[in-house]
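Step one of this worksheet: look at the structure below.
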Amino acid sequence: MSAVPTGRGAFLSDVETLRRRAREHIAQGAVTPGYHADRDLVVKLLNDALATEIICVLRYKRHFFMAQGIHAEGVAAEFKQHAAEEQQHADQIAERITQLGGAPDFSPQGLASRSHAEYVEGDSLEDMIKEDLVAERIAIDSYREMVEYLGMNDITTRRLMEEILAKEEEHADDLAKLLEDFAD
Ligand SMILES: [Fe+2]
Ligand SMILES: [Fe+2]
């Protein structure tokens, strides 16, 4: 008998079970038999989030180029940075979709309706910032719901969405501060 307790507890699988299960369905790559979430539903949720991120990239790009035209360099720089970060989110989400054996949906068809956030051009600089803030707040709520739904059933996707959620909260905060400048 070793000094290490042999009973791993009812909630942990023993080594033999872990090794045997890892060899089953190896073509499924990162998705093991221990994956407890509804994979099709998680892929669908991730594709909706992907559409949201792509719409946000497009909206921030539009705002960046329009703000440049009205000599608002500071705000334009913020839009540019947000566009780049939304693009990074889109890439991370697409990568996770493929890890789950799904296909990332980049089709322009229906993109705006798959997205939670809207593409609004905005007539003035203040309008643009407001629309971006609204979009961020929509993303924050929908990503928080995803995180809560995923819980312990798909920890990797949950962690990814938690990380993205934190960044969207940072974006919303940046925009709220920019809006304050207009109130002065
Ligand atoms: Fe994002
Ligand atoms: Fe954002």
Side-chain angles (χ1 to χ4, degrees), residues 37 41-70 72-100 102-151 154-183:
L41 181 58
V42 173
V43 167
K44 150 104 183 40
L45 293 173
L46 285 171
N47 265 319
D48 291 349
L50 176 62
T52 300
E53 295 295 343
I54 296 169
I55 288 291
C56 288
V57 172
L58 296 173
R59 198 192 55 255
Y60 275 125
K61 285 273 185 190
R62 153 90 186 191
H63 291 178
F64 164 63
F65 286 107
M66 293 305 281
Q68 267 192 323
I70 47 181
E73 270 76 23
V75 180
E78 198 76 44
F79 290 157
K80 189 181 187 181
Q81 192 197 332
H82 285 199
E85 285 167 348
E86 310 303 14
Q87 181 63 62
Q88 197 188 333
H89 295 166
D91 292 347
Q92 289 172 300
I93 291 169
E95 190 183 9
R96 183 59 186 156
I97 290 171
T98 59
Q99 280 178 352
L100 289 172
D105 190 350
F106 281 98
S107 169
Q109 201 123 42
L111 180 66
S113 53
R114 288 197 306 279
S115 166
H116 298 128
E118 290 174 289
Y119 178 90
V120 182
E121 293 178 345
D123 292 327
S124 65
L125 194 60
E126 191 177 0
D127 271 358
M128 293 180 208
I129 300 169
K130 266 188 195 157
E131 288 303 334
D132 291 331
L133 179 53
V134 168
E136 293 290 351
R137 288 170 61 83
I138 291 169
I140 288 168
D141 270 346
S142 70
Y143 294 169
R144 189 190 299 112
E145 280 182 13
M146 266 183 86
V147 166
E148 286 168 1
Y149 165 75
L150 291 163
D154 182 340
I155 296 164
T156 308
T157 305
R158 191 195 77 206
R159 281 182 50 204
L160 171 65
M161 295 314 296
E162 280 176 351
E163 196 186 301
I164 295 175
L165 170 63
K167 187 52 88 177
E168 309 306 5
E169 289 180 355
E170 222 179 279
H171 288 169
D173 192 49
D174 293 342
L175 294 163
K177 284 183 180 137
L178 287 176
L179 263 190
E180 275 173 23
D181 295 342
F182 283 91

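First listed ligand is number 1; within each ligand, the first listed atom is number 1. All figures in this text were calculated on a predicted structure; none of them were measured in a lab.
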- Item | Partner set under ring pair (Phe, Tyr, Trp, His ring centres under 6.0 Å) for Tyr143, not counting sequence neighbours | none
- Could you tell me whether the side chain of Glu86 reaches within less than 4.5 Å of the side chain of Glu136, counting heavy atoms only? yes
- Message: Which residues pass the side chain to side chain contact (heavy atoms under 4.5 Å, CB included) test with Val120, not counting sequence neighbours?
- Response: Glu118, Glu131
- Task: Using atom types as modelled and distance alone, determine if a side-chain donor or acceptor of His63 lies under 3.5 Å from a backbone N or O of Glu121.
- Result: yes
- Message: So, using ring pair (Phe, Tyr, Trp, His ring centres under 6.0 Å) as the criterion, who are the partners of His171 when residues are at least two apart?
- Response: His82
- Assess Glu136: does it contribute an N, O or S atom lying under 2.8 Å from the Fe ion (ligand 2)? yes
- Do any protein N, O or S atoms sit under 2.8 Å from the Fe ion (ligand 1), and which ones are they? Glu53 OE1, Glu53 OE2, Glu86 OE1, His89 ND1, Glu168 OE2
- Task: Check whether any side-chain heavy atom of Leu160 lies under 4.5 Å from a side-chain heavy atom of Gln99, and answer yes or no.
- Result: no
